[in-house]
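Note that the coordinates shown come from a computational prediction; the quantities given were computed from them, not determined experimentally. The chains referred to below are lettered A, B, ... by the order of the sequence lines, with proteins before strands, and numbering in each begins at 1.
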Number of protein chains: 2
Amino acid sequence: MNDKTPPDENADQAAGGEANPPTLKTIAFMTGLGVTTVSRALKDAPEIGAATRQRVQLVARQIGYRPNRAGVRLRTGKTNVISLVLDTEEQVGGFVSDLIYGISEALAQTPYHLVVTPYSRNNDPLEPVRYVVETASADGVIISRTEPDDKRVRYMTERGMPFATHGRTHMGIDHAFHDFDNHAYSVEAVKKLAALGRKRLALLAPPSNLSYYHHMRDGFADALMEHGLSEVPFPMATVDHSIEDIRKQTVELMRRPNRPDAFVSGAGAGTFALVAGIEEAGFRIGQDVDIVSKQSSKLLHLLRPQLYVVNEDVRLAGAELARAVLGRIAGRDIAALQSLSKPKAVEAYETPAPGKSTD
Amino acid sequence: MNDKTPPDENADQAAGGEANPPTLKTIAFMTGLGVTTVSRALKDAPEIGAATRQRVQLVARQIGYRPNRAGVRLRTGKTNVISLVLDTEEQVGGFVSDLIYGISEALAQTPYHLVVTPYSRNNDPLEPVRYVVETASADGVIISRTEPDDKRVRYMTERGMPFATHGRTHMGIDHAFHDFDNHAYSVEAVKKLAALGRKRLALLAPPSNLSYYHHMRDGFADALMEHGLSEVPFPMATVDHSIEDIRKQTVELMRRPNRPDAFVSGAGAGTFALVAGIEEAGFRIGQDVDIVSKQSSKLLHLLRPQLYVVNEDVRLAGAELARAVLGRIAGRDIAALQSLSKPKAVEAYETPAPGKSTD
DNA sequence: AGCACAATCTGAAACGTTACAGTTCTTGCA
DNA sequence: TGCAAGAACTGTAACGTTTCAGATTGTGCT
């Protein structure tokens, strides 16, 4: 038993005083088995005896063995990394934090790590994706800001890189995604505003290159039609514009003779600017104008209870996206990895605990 | 030249049709040099001739050589990874996004990747740090929610893991950090409120286990003293509490006979709840009560121009923290890697472009 | 001419893992 | 009894890199 390996190698492990992390060799030495057997036993390979398997796994657990990621990666190419590709110009508002938390939570029970790969909106969005694929630095990728015809989707599909998108595409390529149903959202929003008697609606839309621009806009148009309402075009502002820009554009819009009497807003932060602009122009929310807004944080109602909101659970989106990439990596069927999150009902502000309310 | 390496190995490279990424061996074959020489030439080792060095580097650049991370990591232990340890219960408000963007930007020009290592506030904060250290899965760590006597700091110092903290400690261990000067912040805030004629101030403080609780509180106390003002204790709410909790506690506080006539708030999201609570209790910002708030997004003024704000640049903090860990990894002196961000002046709302203002 | 020495280059080994191609031992069956 | 087949295990090589210990030159000096 003692002569099967060169003595000096075992010495390291036998000394025991050292605290360098245990490797397969450590376990091999402790169990008297070969490194290959240990490797196999740990991954429940069929050609290992049940007794041996258990013994190896017991020892591994006892000494706190963890496979060396670099070793595995070098040998197999498997990185155990999911890359989240992020636009660093992204508007504030907690959106990204929640996405990251959601992904992290889903990844916590797995051997996967989350690495954030940034890019600037001004540069080519394909660039970071190409980097990840070319350097094989992740087993799967999550992207957002999905476009109807998205070259990143095409690229990763061609290169066989598993991925999931936050948002859908319309390019004849089937892929894993999670999306919020923005069509349903704006339909509900318009319905609410119609019920309130509003007639002339404006939409604070996403930038027109993104997929969900079309969903939100189509839902908006469909619902306007259905309720016999008209649209006041508001193309000078999108949720991507700066808060300052949106506010200014809103002021201008509200000073026009054909101003809207209601808004549907595609993003919480944008709604702050909308409200500010509307009020700066001299109108009042809930009276002159109604607004339905999507929000991912719960802040809007605190300062403008007159708003109507629909909450988007971005943390859930993160978890779903993680689930989806992991599924693709495991080779699961795409159809099972596509999810659409239906908006909850439009919420008005509920007056809090009984007592005096604001004057 | 042809007989120095086994023929089959070169065949791979010579075939050329394959698109597998170039390695040192590829360059070695192309230049006719040994792998060792190539490795050395690429890192400007002194024992390589100038001509050879240039030739190798030229070829490497031409064929787009990138060192295989797994190979480097396995051999040297260097991961080229910075781990950002995050509390996933963190309040919304864009704070974390900006931190990540700041770090990402600073890391973009380096070979470092950013991995997000999450933990729940309810579990042991040391746990994720121990994981990173034990598995040597990063070359450096960034932590937030720093405590005066922080066991993570002690642990990483003992184990020789380079790190930087967002926030300072007071435990006799010198280490890299970046911090916002919350002492100065609350001094300025109180000064502002004193100038407005406020007398009875309350503080929406951080949780008392965090370092910046003490800074903010001390600055608050010092300034109260200096201006001869008094404090209305408000210990039932901290910036860590949920929006809902803060709102409720604020309502209660404002209904007491000894209610405050001003607040200093340690966080933007908390301020939303403060405002809501104050107004729900029937008081008005700017009239019955004044508030000075820190904020990392620019949303507060949009809906309550009466607020006074101090902006905290969290993106900058991220960049500074990245700079600091990288410095530690490079062995730079700790003293050069400690930075404190002074608050800008307290800002009142500037009325925007000339025109009608809100009624 | 002989020799030391620097300059420049080199192969082999190692990091920890897995895949491949065995090797040994039992067992079942002709 | 002999032998094939399976069960259980093993060593070697390889992934791409860096380090170690040379090897091969050429140059200057005596």
Side-chain angles (χ1 to χ4, degrees), chain A residues 1 3-6 8-13 18 20-29 31-56 60 63 65-80 111 135-137, chain B residues 1 3-6 8-13 18 20-29 31-56 60 63 65-80 111 135-137:
Chain A
M1 176 191 283
D3 52 16
K4 64 171 57 170
T5 38
D8 48 347
E9 309 213 353
N10 293 338
D12 287 354
Q13 313 294 351
E18 297 294 316
N20 28 17
T23 69
L24 290 181
K25 199 169 13 173
T26 317
I27 302 178
F29 176 70
T31 55
L33 296 165
V35 171
T36 303
T37 308
V38 173
S39 171
R40 301 257 254 260
L42 286 176
K43 45 175 55 73
D44 288 323
E47 63 268 64
I48 301 296
T52 307
R53 183 186 4 260
Q54 291 198 4
R55 200 157 58 91
V56 169
I63 66 178
Y65 168 76
R66 302 180 203 246
N68 179 299
R69 306 189 122 233
V72 174
R73 179 165 173 180
L74 180 57
R75 180 61 234 243
T76 65
K78 181 142 215 281
T79 61
N80 284 303
T135 63
S137 58
Chain B
M1 179 190 282
D3 52 17
K4 64 170 57 171
T5 38
D8 48 347
E9 308 212 354
N10 292 339
D12 287 354
Q13 312 294 352
E18 296 294 316
N20 29 17
T23 69
L24 289 181
K25 194 159 33 164
T26 316
I27 302 177
F29 175 70
T31 55
L33 295 165
V35 172
T36 304
T37 308
V38 173
S39 172
R40 300 256 255 258
L42 287 176
K43 46 174 55 70
D44 288 322
E47 62 267 65
I48 301 297
T52 307
R53 187 190 354 264
Q54 291 198 4
R55 200 157 58 91
V56 169
I63 66 177
Y65 168 77
R66 302 180 203 246
N68 178 300
R69 306 189 121 233
V72 174
R73 179 165 172 180
L74 181 57
R75 179 63 233 247
T76 64
K78 182 138 213 277
T79 62
N80 284 303
T135 63
S137 57

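- Within 4.0 Å (heavy atoms only), A/Arg73 reaches no atom of the nucleic acid at all.
- Distances were taken from every side-chain heavy atom of A/Arg40 (C-beta onward) to each of C/dT17, D/dT17, D/dC9; the shortest belongs to D/dC9.
- Distances from the side chain of B/Leu74 to the nucleotides C/dG16, C/dT17, C/dT8 place C/dG16 closest.
- A distance of 12.0 Å separates CD in B/Glu47 from OG1 in B/Thr52, rounded to the nearest 0.5 Å.
- Side-chain contact check for A/Arg55 versus A/Leu33: some heavy-atom pair is nearer than 4.5 Å.
- Map B/Gly71 and B/Thr52 each onto its nearest nucleotide of DNA chain C; the residue landing nearer the 5' end is B/Thr52.
- The distance between atom CG of B/Leu33 and atom P of D/dT24, rounded to the nearest whole Å, is 17 Å.
- A close approach under 4.0 Å does not occur between any side-chain nitrogen or oxygen of A/Lys25 and OP1 or OP2 of C/dG16.
- Here A/Thr36 does not reach the OP1 or OP2 of C/dA19: none of its side-chain N or O atoms lies under 4.0 Å away.
- Taking atom CG of B/Leu24 as the reference point, atom P of C/dT10 lies 13 Å away to the nearest angstrom.
- Side-chain atoms of A/Pro67 and A/Lys43, non-hydrogen and from C-beta on, never get closer than 4.5 Å to each other.
- Contact between B/Ala28 and B/Gly34 at its shortest, heavy atoms only, is CB-C, 4.0 Å.
- Looking only at side-chain heavy atoms (C-beta outward), A/Val38 and A/Val35 stay at 4.5 Å or farther from each other.
- For D/dT18, the OP1/OP2 oxygens have a side-chain nitrogen or oxygen of B/Ser39 closer than 4.0 Å.
- Between the C1' atom of D/dG6 and the CD1 atom of A/Ile48 lies a distance of 14 Å, rounded to the nearest Å.
- Listed candidates were D/dT19, D/dT17, D/dC9. Nearest to the side chain of B/Asn68 is D/dT17.
- Here C/dG16 presents its P atom at 15 Å from CG of A/Leu42, a figure rounded to the nearest Å.
- Whole-Å rounding puts the A/Arg75 CZ to C/dC20 P distance at 8 Å.
- Side-chain N/O atoms of A/Thr37 include none lying less than 4.0 angstrom from OP1 or OP2 on D/dA8.
- Rounded to whole Å, atom P of C/dA7 lies 13 Å from atom CZ of B/Arg53.
- Rounded to whole angstrom, the span from the CD1 atom of A/Ile27 across to the C1' atom of C/dG16 amounts to 12 Å.
- Regarding B/Arg55, its CZ atom lies at a distance of 14 Å from the P atom of C/dT8, rounded to whole Å.
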